[in-house]
S.K.: 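Attaching a single structure in structure tokens format; questions to follow.
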Amino acid sequence: MCTNDKGGFVPPDASKLVARCPACKAFNPAKNTKCKKCGAEMKQQT
Amino acid sequence: MSDEFNKELYKTDARWQEGEYTVTRTSVWTAPGCHNGCGVLLYSKNGKLEKVEGDPNASFNRGRLCLRCINMIEQVYNKDRLKWPMKRIGEKGENKWQRITWDEAYDIIENKYNEIKDNHGVESIATLVGTGRNSMWQPAVITRAIFGSPNLSFGFLSGDSCYQPRMTANLIKLGDCVISDCSQTHPLRENNPEWKKPEVIVVWGNNPLVSNGDGFMGHWIVDMMRLGTKLIVIDPALTWLAAKADIWLRIRPGSDAALAMALLNVIINEDLYDHDFVENWTYGFDDLVERVQEYPPDKVADITWIPKEQIIEAARMYAKAKPAAVQWGLAVDMQMAAMEASSAITDLMALTGNIDVPGGNIIQRYAYNRSKKYGSAIEYISEEMLLKRIGTYESPIHESGYTPFIPPDKLLECLETGRPYPVQMLWLQGTNPIANMAGEAPRVYAAMKKVPFCVVVDLFMTPSAVAFADLVLPAAMSVERDSFRAWWTPLRSIAKGAELYEQCKSDEEIVLDLGKRIRPDRFDQYNTITDYLDQLLQEDGGVEYDFNALVERVNDFWDWDYTYLKYEKGLLRKDGQPGFVTPTGMYEFTSPLFDVWGFDMLPHHIEPVEGPYTTPELMREYPFILTTGNRLWGCFHSEHRQMPTMREIHPDPMMDINPDTAQKLGLNEGDWAWLENRRGRCKQKVRFNVGLDAKVVRGEHGWWFPEKEGAEPTLFGVFDSNINNLTTMGVHGPTHYGAPYKSTICKIYKVTAENDQLSPTEIVTRKGGFGYAKK
Amino acid sequence: MPKSEEAVQMGLLIDYEFCTNCHTCEVACKKELGLKPGEYGIKVLEDGPRRNPDGKWEWNYVPVPTSLCDLCEKRVAEGRKPTCVHHCQSGIMYYGPVEELAKKMTGKPNMVLYSK
């Protein structure tokens, strides 16, 4: 499987940048604790 | 190009003896500068290179070569080539040097490094690199793994506007980069049974025959034309390809995003799009449908200066062709709306179902994932140190790690203001910023002068070396190096075919020498360059063989690269599922990432910051749109000006102008003319271009004059014809990507004895610059 | 009776429809013959660009072998192609007996044949 974490032209891991609200499915910055759209609790990435 | 050739003479071995010649079969990738890595046969005698031929067995170029490699002897054994390390003995700019040994040079560097580490912190070392050469990962390793600084940057390339906007837009929208498929990914080329010829190629914002940008050999376009491919060419100037195209869209510089939106508009509204791809593999199509309604062809005709009928015709031609490819280039990057144009053009590829299909725009990664490129050694930088990166946290896309470089515009601000901290040392490897890449070059000159210590690794004594360097280190040419190339495909050996010239060293040797001195904990594990290259080839599941085995193979194709429809086959995602490497797993017409960063989720047009619709007042004084950076046969950016053969073809810097406009200004072909705006002026020779719009002029870049005095105030005449006296720094698109190198404004007038008293270089080096109002 | 090797007139066939003015032939030739600046064994000449009555652009480049061209005698004797033919980036130059090259022209517009 292709990985290219140390360079080359493959994007950073999107799960570290963006997360989906479990309630309304809106996209949020991964660091958000509450959904910017519906206010629901966001599960933090580990 | 050799369709049939003598197999006795042109062997598939890696090395053989032919009479008195040792023949090395390998590839060439810098120096001299080039984005490609053509297969060559190096004929040498007693360690000295005698001639170079194109390798007919290399499927990349199939025997063909351009004049850079054909003229290799003149380059390698040029009398002006740097021969040994040198230390500055006069003032900066006096061009007075003393020959020293490598050990002495390394002592100076090590002492300076220790002094900076103890007194200022290693983050105050910043490194600048050039474009597309095999000297990008090496300075990245020196900076990050050896010095420990996180600050690596393009040599003042405003808005990172060289391939970064296009690649980043690709990565955001589909998670990978795409290139136009001219069969180059398969060893059998056109005979690969799965490959199809592109019925149409859209040549967008480049003249690939001359520029050979981004690893794409321009004459593959001619190969396709000979097979019957039709062209749509988008270029403000008439190029040979534009003249041969079915449709030439003469675009107003800097309005590419608007054009792309209008093409999307026609394809959507006339229902010419690929329903299967859109329904099954994309996200956010409805939003795009809504957005493109803001860009009807008649409105966009006014923005782009392209007749409405031509926009509609081009949209239909591209959408109906199955398959069709877009061969895009630097002009897309060099505008305010670089990210937006790149996104919209990528949407065109997706909307028409041309992503990763034979003859379309195919997904590529580095061959076998080799070559760490810009990101090299970033794993050595701690989180704490990453936070010290200059300017990075003002640009969310840089911060997220799409471009592991610090934004060049922010580095310039840092040099000027000393904030967040003063830069103590600049390391320049394979870049000559004031001659070429830096926008607003006189401003960059003044800022770079403030840095206390500077090392330049290069081939020749350049204007940047004379102006700034304390230490100059001579680099090896490609034919003298052991290295490899993995951008894009195949994986290619770069094997030594000649002994090193004088005391030159390869970029890899410099890495290893410095590494062993300063970070033996990281570099003592490698006894030789070969050890080091073995590790680079093999780590993280790369190839199973070592460097010497690659040299024997010469090149190696990776089946991943020539597998089509990888998104259907689960070949893109780490989880092995079908789809793309994006947050939604789909191709994203609307981008959740853009939204999270606070940018518009959809592509849109942004007007050039100076121009008829943004600064109509200013246009009264500077009535022409100035576009820059058209390529010269055989000259790579600021390189090659020392070569008599290249200078026979290009004796002088040339500016292009419509003959009617020239006549009105009293200019004849061959006259010297001033190009001038608020930031400065430069002089170039007038050349008529019948295809140019009467209100658009074009100036060449990269000009300096190695035949002139090196010491200031002459400084090889680096500012005399420097088109970057007129361009900008710190002016870029909202995403921090893209700068208007190709869409600024100017006035034009004849050079006379009266108005040419003081040369521009003297004005910059002695008078503190042009003194025009800085906005 | 077959002609002897010496009696066959050799030449270059150039499909100038696709000549891009890349200068490869000029420089390859200079290097092969050791020519100085200003000297050419082959020189690319330009016609155009101008608009035809139908609105299409006309822009041609035609490489012209000069009197210094020896059809790469030395290379050919070694079993190689003339260097311009070998390196031409568009792959539009062919070397061979003029009679055969003339046949190759049949049905293909915009070709020129050079005889030595």
Side-chain angles (χ1 to χ4, degrees), chain B residues 1-10 18-19 38 51-54 56 61-74 207 209-210 212 217-223 225-226 238-246 248 632-634 643-651 689-691, chain C residues 13 15-40 43-44 46-52 55-61 72 74-96 104 108 110:
Chain B
M1 182 168 59
S2 308
D3 43 357
E4 306 152 3
F5 51 89
N6 186 331
K7 294 194 169 48
E8 307 262 303
L9 285 169
Y10 298 105
E18 197 176 294
C38 286
K51 60 171 179 166
V52 176
E53 281 202 37
N61 52 310
R62 294 184 277 197
R64 301 178 267 192
L65 279 185
C66 90
L67 45 167
R68 275 190 291 263
C69 275
I70 293 170
N71 195 41
M72 189 68 78
I73 308 300
E74 193 176 288
N207 187 6
L209 302 178
V210 192
N212 295 294
M217 184 174 173
H219 278 77
W220 291 336
I221 299 278
V222 177
D223 296 350
M225 290 164 75
R226 295 181 76 189
L238 180 72
T239 61
W240 184 85
L241 285 176
K244 304 286 164 180
D246 274 34
W248 169 37
L632 279 58
W633 297 108
M643 311 297 143
T645 300
M646 301 313 179
R647 290 301 288 282
E648 187 182 352
I649 299 167
H650 308 286
N689 186 314
V690 290
Chain C
L13 175 65
D15 182 358
Y16 71 88
E17 182 181 358
F18 297 104
C19 175
T20 63
N21 189 34
C22 77
H23 300 279
T24 280
C25 58
E26 294 173 349
V27 174
C29 180
K30 275 168 175 285
K31 301 296 140 183
E32 181 63 26
L33 298 180
L35 301 177
K36 293 192 194 73
E39 298 174 348
Y40 289 89
K43 183 87 177 78
V44 181
E46 183 182 49
D47 163 51
R50 66 175 167 278
R51 249 189 221 279
N52 284 331
K56 290 205 157 71
W57 287 96
E58 186 78 40
W59 196 349
N60 303 302
Y61 290 105
C72 281
K74 190 165 154 264
R75 284 178 61 92
V76 170
E78 288 169 4
R80 298 174 202 280
K81 296 186 177 195
T83 188
C84 56
V85 177
H86 182 116
H87 290 110
C88 172
Q89 286 203 73
S90 284
I92 51 160
M93 302 180 72
Y94 307 88
Y95 168 78
K104 217 174 155 86
K108 169 71 187 75
N110 303 99

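As a basis for the values below, the full set of heavy atoms in this structure was taken, side chains included, without hydrogen atoms, waters or symmetry mates. The sequence lines fix the lettering, A, B, ..., with proteins before strands; numbering per chain opens at 1.
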S.K.: side-chain hydrogen bond (donor to acceptor under 3.5 Å, both in side chains) with C:K43: which residues, sequence neighbours excluded?
M.R.: none

S.K.: When the aromatic ring centroids of B:Y10 and C:H86 are compared, is their separation below 6.0 Å?
M.R.: yes

S.K.: Can you list everything that forms a ring pair (Phe, Tyr, Trp, His ring centres under 6.0 Å) with C:Y40? Sequence neighbours excluded, please.
M.R.: none

S.K.: Of the non-hydrogen atoms in C:W59 and B:A243, which two are nearest, and what is the gap between them?
M.R.: CE3-CB, 3.8 Å

S.K.: Heavy-atom distance under 4.5 Å to chain C: side chain of B:W633, backbone, both or neither?
M.R.: side chain

S.K.: Under 4.5 Å, counting heavy-atom pairs only, tell me which of C:T24, C:T83, C:D15 racks up the most with chain B.
M.R.: C:T24

S.K.: With a 4.5 angstrom heavy-atom cut-off, could you sort out which part of B:I649 is near chain C: side chain, backbone, both or neither?
M.R.: side chain

S.K.: Need one label for B:L9: side chain, backbone, both or neither, based on atoms under 4.5 Å from any heavy atom in chain C.
M.R.: side chain

S.K.: Contact part of B:W220 toward chain C, heavy-atom cut-off under 4.5 Å: side chain, backbone, both or neither?
M.R.: neither

S.K.: Salt-bridge test for C:R75 and B:E53: reply yes if a basic N is under 4.0 Å from a carboxylate O, no otherwise.
M.R.: yes

S.K.: Check this for me, if you would: do C:K81 and B:E4 make a salt bridge, where the nitrogen-to-carboxylate-oxygen distance has to be below 4.0 angstrom?
M.R.: no

S.K.: Check each atom of C:E32 against the heavy atoms of chain B and say whether the ones under 4.5 Å are side chain, backbone, both or neither.
M.R.: neither

S.K.: Just give me the residue among C:C22, C:G79, C:G38, C:A28 that pairs up with chain B most often, heavy atom to heavy atom, under 4.5 Å.
M.R.: C:C22

